[in-house]
Each structure stands twice: as C-alpha cells, then as structure tokens.
K.L.:
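Sharing a structure, written as structure tokens. Questions coming.
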Amino acid sequence: MAARVVERRLNADTSDQAAPTLRCGCGKDAHYAGRRRKTITTVLGDITLERAYYHCEACKAGFCPRDRALGVEGTSLSPAVTRMVGLTAAMVSFAESSELMHELAGVPVGAKQVERTAEGLGREIAQDERTVINPEPPAAPTMCLGMDGTGVPIRASELYGRHGKQPDGSAKTREVKLVTVWTAEGRDLEGLPVRDRGSVTYSAAIESAASRDTEEALSAFAQRADREAQRRGFDQVKRRVVLGDGAPWIWNLADELFPGAIQVVDLFHAKQHLSDVAKAIYGPGNALGRQWARQRHAELDEGKLDALLGAMRRHSGTNDEARKCLDYITRNQARMRYPEFRAQELCVSSGVVEAGCKLAICTRLKRAGMHWTVAGADAIIALRCCKLSGRFEDFWERRSAGASAGAA
Ligand SMILES: [Zn+2]
C-alpha cells in the first residue's frame, strides 16, 4: 500500500522532463527521449518509477535526472536499502546479509546483489577515506598506535607468478596491513593500563609498506597510517606509543612517520613467540616445554633480557626457532623494556593489535571457502573498518549530501 502511494506520487510528478535538453557529462547536450520505467527495491517494497530519460547523440549515453535526485543512479536499490546492505555486509557474509535483509526487513536482495552493492559502497568509502581527514583533537595525553599484517585468501587467477609461503613457492594469500589507534587511560584491578572501550579505530588495505630510498613519496600504507594518525590527533599528542610484533617493516615505518614515539613490541606477541620456541624444542604439549616457556615469560616480564638471551643461545645451535628468536630479541631489546614501560604506565600488551586484526579482518575475510579478488577484499575491508571505527554515519551523511548536491 505505502509503496503504491509513493509510486503514484512520484510518477504523477513529471517536472523532471521540463527541459528539452540537459547538459551531458561529456559536455554536449542530451535530448529528452521519453519516459522510461525502472523498478526500485525500497524498504516499503518494490516501486516502479517512470522517469524522464535524456539521450546524448555525441557519446551515445543516457541518464535520468530523477535517478540522481533519488540516489538510485546505476542501482535498483533505494538509498535506505543500500545503507542496510552496507551495514549488514560489513559484519557478515554476503549470503548471510541477504538472509538478514529478508528476515528482518522483508526486503529481497540476492547475495550477488549484496556483494555488488557492498563492494561499490566499500570503494566509495575507500575513496572518501583517502580524501576526507577531519582531524580530531587527541583523546588523551597518551595515545597508542599499532600496526600488523595478516594474509587474506585470494583467488588463484590474481596470484599468478607471485611468490608466497606455499611449499612450491607460490602464494595463496595477499597481506592486508592494518593500522589501529586507541587510548588506554583506564586501569585494571592490578593498575595496568587497559584499552578504553570505544576508543579504537581501524584502517587497512592490501598495500605495500616498503618505500625505497629513491622514492620521494611515502608508500601507500605509510600514507594510510599517516592519515589515521592525523585523524585521531596521534601526531599532536604529548606521548605516543607505537606497538607491533617484531616485523621490521613496522619499525621502519614508525621511524619514518613517528620519530620520537616510544616503540614497544606487543608483549602478548613476544610471549607467543617464546611459547612457539618451547614447542619447537620440547614438542607440543610437553610439560618441560611449558615450564621452560613460563620461565622465559617471567624473564621477559621482569626485564631479565640477558637471562632470556642466554637461554635462547643454549638452543640456538641446534634449533632453528630458537636461533630466529635469539635474533628477534637481539634486534628488539630496546622495545622490550617492559618493567620500564610499565613504570611509565604505558600500554605494553593486551593483544589489542592482534585482536584488532582478528576483529577487523579475519572474522569477516578469512572464513572457510572465502576467496577474494584484491579489489573485492579491499572494498569490504574499507567498509568494515569504517563501520567498526564508528564512522559509517558520517560517511553516509557526506554521501547523501553529495547526492542531493548533484541533484540540485
Ligand atoms: Zn554525452
């Protein structure tokens, strides 16, 4: 009923054919060429619109001014339905999103259409993220920025010739790099800093972090981290902490972008590394191995890095994992001064970065049977990061303002 009322009201209004010609995107004149029908899926149900159609002889293209005014150009979904698709597909798979739309709102949108629409929105968001910064003042006197990478499964056709970690040297994944910013002003029962709820934002993409000496411009991911830092006021704050696992690209980038920031190896990750070495030496599930790991964890917590290095050295001649870990600790000693960091009330662990990577990337993009194109993965990553960072409403406002400005 409501759909019929809206349909009748819109179709009774033929003011969209008032001009005999309109300027085409190519610069030439497009001529009015009759009214054309198109069915739009709205939250009220399907409505069939009859809109004035303008055709351009010069570029053989056509357009309907009303589609622009209503925000349905190039899509058969109303803006409200498009928004619902974006919000659900950010959180769950395309098939689940389609099901939710049907069950909760009674709106039939097929999984393929969800995919196309969500990817389209994600591309818009990625573009918006690159151009709109809107810096905020720092949320606290100390701010934390973490970086991490994780492999996302990519379709074989897009990986041809890439080197990877498969036994034959081929690749099954591409690395998504993530930057996350948060504050940790709150304290737990032991007085240790904990991440403040709602303070976490994310930005990620399949991008390179490597910048060569010969290049003037920052790498794509360095630019992303820089934008996120500006957005959050991280670059303005008194005390800056950069957290990461031991990966060299993270520290190279931190030196490049945030000189003077305190660099900390995520304690959670460091301990995981030590547990992996214990498994490599003693075998998985071994009681001696567990005890050995506990001792190493304690040395790390207490800042006894010499003892820790000594223990690694005893195994590094015969065990590859121990040798790698010896390197890792040697390289990162200055970033593992945990008692000192704790005395300064800095956030050292938490696994915030690791958890962020799982939440922002893995739970949506690394589910069984998922294989992405690079463009598709990047679009959904942008959509999801936007949603999880509490930025979707702002984006939607800008998008709606843009659409109505175009219509006017
Ligand atoms: Zn034209």
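Both counts, for ligands and for their atoms, begin at 1 and track the order of listing. Only heavy atoms go into these numbers, but all of them, side chains included; no hydrogens, no water, no symmetry mates. This one's a predicted model, so the numbers in the text were calculated from it and none came from an experiment.
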K.L.:
What protein atoms of element N, O or S are positioned under 2.8 Å from the Zn ion (ligand 1)?
P.N.:
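As for protein N, O or S atoms lying under 2.8 Å from the Zn ion (ligand 1), they are Cys24 SG, Cys26 SG, Cys56 SG, Cys59 SG.
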K.L.:
One thing to verify: whether Arg9 and Glu7 come together as a salt bridge, which I'm taking to mean a side-chain N less than 4.0 angstrom from a carboxylate O.
P.N.:
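Looking at Glu7 and Arg9, the cut-off is not met.
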K.L.:
Can a salt bridge be assigned to the pair Arg174 and Glu158 using a cut-off of 4.0 Å between side-chain N and carboxylate O?
P.N.:
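Here Arg174 does not pair with Glu158 in a salt bridge, since their nearest N and O are not under 4.0 Å apart.
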K.L.:
What pairs of donor and acceptor atoms, side-chain ones from residues 148-157 against any protein atom, are under 3.5 angstrom apart with sequence neighbours left out?
P.N.:
{"residue": "Thr150", "atom": "OG1", "partner": "Lys366", "partner atom": "NZ", "Å": "2.6"}

K.L.:
Quick one: side-chain hydrogen bond (donor to acceptor under 3.5 Å, both in side chains) partners of Thr117, sequence neighbours excluded?
P.N.:
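Partners of Thr117 under the side-chain hydrogen bond (donor to acceptor under 3.5 Å, both in side chains) test: none.
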K.L.:
Could you go through residues 21-33 and list every donor-acceptor pair under 3.5 Å that involves a side-chain atom there, pairing it with any protein atom two or more places apart or in another chain?
P.N.:
{"residue": "Arg23", "atom": "NE", "partner": "Gly27", "partner atom": "O", "Å": "3.3"}
{"residue": "Tyr32", "atom": "OH", "partner": "Gln17", "partner atom": "OE1", "Å": "3.1"}

K.L.:
Strictly below 4.0 Å, N to O, side chains only: are Glu124 and Arg399 in salt-bridge contact?
P.N.:
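Between Arg399 and Glu124 there is a salt bridge, with a charged N closer than 4.0 Å to a carboxylate O.
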